[in-house]
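Since the structure comes first, as C-alpha cells, the remarks are kept for the end.
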Amino acid sequence: MPDISQRANKLGTENAFVVLAEVTALARQGKDIISFCIGQPDFPAPENVQEAAIRAIRSGKHGYTPSAGIDELREAAARYLGARRGGLPIRPEDVVAGAGAKPFIAYAILSTTDYGAGDEVIYPNPGFPIYESQIIANGAKPVPIHLHEAKDFSFDINELEKLISNKTKLLILNYPHNPTGGCLSKAELLEIGELLEKHPQIWVYADEIYSRLVYGSDFFSIAQVPGMYERTIISDGASKTWAMTGWRLGFTANPKLAPVFTRWITNTESCASQISQWAAVEAINGPQQAAQVPVLALEPGLLQLRQPAQSPEPG
Ligand SMILES: Cc1ncc(COP(=O)(O)O)c(C=O)c1O
C-alpha cells in the first residue's frame, strides 16, 4: 500500500466538524440529540436570500463564474466592506469571493510565506484551530500569541512585540474572537498599527467574519488604522451575518493580494457556487433586518432582547 504524506498524516482538524459528523450519524439512527458541536445560527437564511438563490437556479445561472466572483457580488461586497469600515476605499477589483471565508486562511498563508523557509505566522491562542493547522500544513512556523481572560481575551501588546522577528510574515487577528467572544478595541488596534509600522514586512489577516456580531460598540477594523489598509487582508462573508453557513460564501479584500487569491481559487475551487454568489448579492443589497444584532433594551424590571427597526442602509 502506498504511503500517505507526512503532511497529510499530521494535518490538524476542527473538532466541531468531527463531532458534527458523529452527531449527524447518530441523528440518522433516530437518536434524539441536542447538538452543541458547531457554532452556527439555528435559524434559516432570510427569505429574500432564499428567493434570490431560487431565482438564480430558475434563470439558468448554473455555470462557472470568474474565479474572483461575479461582478455584481464584487461590487456589492466592496461597497459593503468599505461602508462598514469607516469608508475604506475598497474597489470591486480588490475583492475576491470564495467558498466560505475559511479557504482564505490558507490562501493568505500560502501567499505571504514560503514553504520551509522559516517564515513565521503569529496567531491567537486559544483560537480557530484552522489557523494553526494551515500554518503547519503550508510549511510556515506557528507562533501563538496568548489571549488573557484578565484582558477580556485580548493579548498583551508587549508580548506581541516580543514574538515579532524578521521572519514574521503574517499576523492573524480575529475579532470578535472565536471561541471567546473577545474583541480588540480601537485603542488596541491603533497600538498594534503603531507597532507594525516598525515591521513593514508583516501582513495582517483580519478575520472579521463575526464583524456584525458586536454588541455595545461600533465595529472597528485594523484596516482603518492609518497605514494599515494596504497590508491588511480583510476577511468577511455571508456565513454568520446572514445565517448562510452551508451556502459557502466568503469574501476577502486586499488590493495587492486579490489577483493572487484569484489564482489560488482557479487552482483549487475554480469559483464559489454561482447560486450562492447571487444569494449573497441579495443578502448584501437587500433588507438587513434579519442581520441586525438585537439591541439590549432595559424594560422595567427585566432585560429584554429586541429587534431593531428595519435598517434603510444597504448592508
Ligand atoms: C474565526 C472564524 N473564521 C472563519 C470561519 C469560517 O467561516 P466560513 O463558514 O465563511 O468559511 C469561522 C467559522 O466558524 C470562524 O469561526
Side-chain angles (χ1 to χ4, degrees), residues 12-21 23 35-45 49 53 69 73 76-77 80-81 84 95-110 121-135 137 142 144-145 147 153-155 170-184 204-214 219 221-223 232-254 261 264-265 268-269 271-273 275-277 279-281 283-284 291:
T13 188
E14 190 182 340
N15 277 325
F17 276 94
V18 177
V19 181
L20 178 63
V23 166
S35 170
F36 289 107
C37 63
I38 200 156
Q40 62 181 339
D42 62 351
F43 43 85
V49 173
L73 178 57
Y80 168 76
L81 292 170
R84 296 211 147 256
V95 175
V96 179
K102 192 187 255 179
F104 290 101
I105 297 169
Y107 302 149
I109 295 163
L110 286 161
V121 181
I122 301 177
Y123 65 102
N125 187 329
F128 193 47
I130 299 308
Y131 303 143
E132 188 182 79
S133 65
Q134 284 295 327
I135 295 165
I145 177 141
L147 306 185
F153 295 107
S154 170
F155 53 78
L170 180 65
L171 168 64
I172 298 177
L173 299 176
N174 173 213
Y175 48 88
H177 178 256
N178 177 7
T180 66
C183 212
L184 287 166
V204 173
Y205 186 82
D207 187 337
E208 300 180 347
I209 191 75
Y210 297 105
S211 63
R212 296 287 292 275
L213 295 173
V214 174
F219 178 77
S221 169
I222 188 152
T232 299
I233 302 153
I234 301 171
S235 174
D236 204 333
S239 290
K240 319 291 176 175
T241 300
W242 294 284
M244 292 171 68
T245 51
W247 299 60
R248 309 310 301 131
L249 201 288
F251 34 82
T252 291
N254 180 270
F261 292 161
W264 280 116
I265 290 180
T268 52
E269 17 173 330
C271 63
S273 147
I275 297 151
S276 297
Q277 291 189 53
V281 172
I284 294 171

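When a ligand or atom number is given, it counts from 1 through the structure's own listing order.
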- prompt: With respect to atom 5 (C) of ligand 1, which of Phe128, Tyr205, Phe17 exhibits the smallest heavy-atom separation?
  reply: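 Looking at heavy atoms only, the winner is Phe128.
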message: My understanding is that we take every heavy atom of each candidate and find the minimum distance to atom 8 (P) of ligand 1. Doing that for Ser239, Gly237, Pro179, which one comes out nearest?
response: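 Residue with the shortest heavy-atom distance to the ligand atom: Ser239.
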- prompt: What residue and heavy atom of the protein are closest to atom 3 (N) of ligand 1, and at what distance?
  reply: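 In this structure, atom 3 (N) of ligand 1 has Asp207 OD2, 2.6 Å as its nearest protein heavy atom.
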Donor-acceptor pair, side chain of [X] and main chain of [Y], under 3.5 angstrom:
X      : Y      : value
Ser276 : Trp247 : yes
Asn174 : Pro176 : yes
His177 : Pro126 : yes
Glu269 : Ala99  : yes
Tyr175 : Ile222 : yes
Ser273 : Ile275 : yes
Glu14  : Ile130 : no

- prompt: Does Lys240 have a heavy atom less than 4.0 Å from any atom of ligand 1?
  reply: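 Yes; Lys240 lies near enough to ligand 1 that a heavy-atom distance drops under 4.0 Å.
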query: With a 4.0 Å cut-off on heavy atoms, is Asn174 touching ligand 1?
result: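 Yes, Asn174 has a heavy atom closer than 4.0 Å to ligand 1.
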Going by the order shown, which atoms of ligand 1 are within less than 4.0 Å of some heavy atom of [X]?
X      : answer
Arg248 : 8 (P), 9 (O), 11 (O)
Gly100 : 10 (O), 11 (O)
Ala101 : 7 (O), 8 (P), 10 (O), 11 (O)
Asn178 : 1 (C), 15 (C), 16 (O)

task: With heavy atoms only and a cut-off of under 4.0 Å, state how Tyr131 meets ligand 1: side chain, backbone, both or neither.
output: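 Just the side chain.
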query: What do we get for His177 next to ligand 1 when only non-hydrogen atoms under 4.0 Å count, side chain, backbone, both or neither?
result: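 The answer is neither.
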message: If we count only N and O atoms by modelled type, under 3.5 Å, do the side chains of Thr268 and Tyr107 hold a donor and an acceptor together?
response: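 Their side chains do contain a donor-acceptor pair, which is all the 3.5 Å distance test asks for.
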message: Checking Ile233 against Phe104 for the side-chain contact (heavy atoms from CB on, under 4.5 Å) test, could you report, in this order, the C-alpha distance in whole Å, the side-chain angles of both residues, the deciding distance, and whether it holds?
response: CA-CA 9 Å; Ile233 302 153; Phe104 290 101; 5.9 Å; no
query: Do any N/O atoms on Thr245 end up under 3.5 angstrom from N/O atoms on ligand 1?
result: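 Not met; the criterion fails.
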- request: Look only at interatomic distance and state if Glu14 has a nitrogen or oxygen under 3.5 Å from any nitrogen or oxygen of ligand 1.
  value: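 No; every N/O pair is 3.5 Å or more apart.
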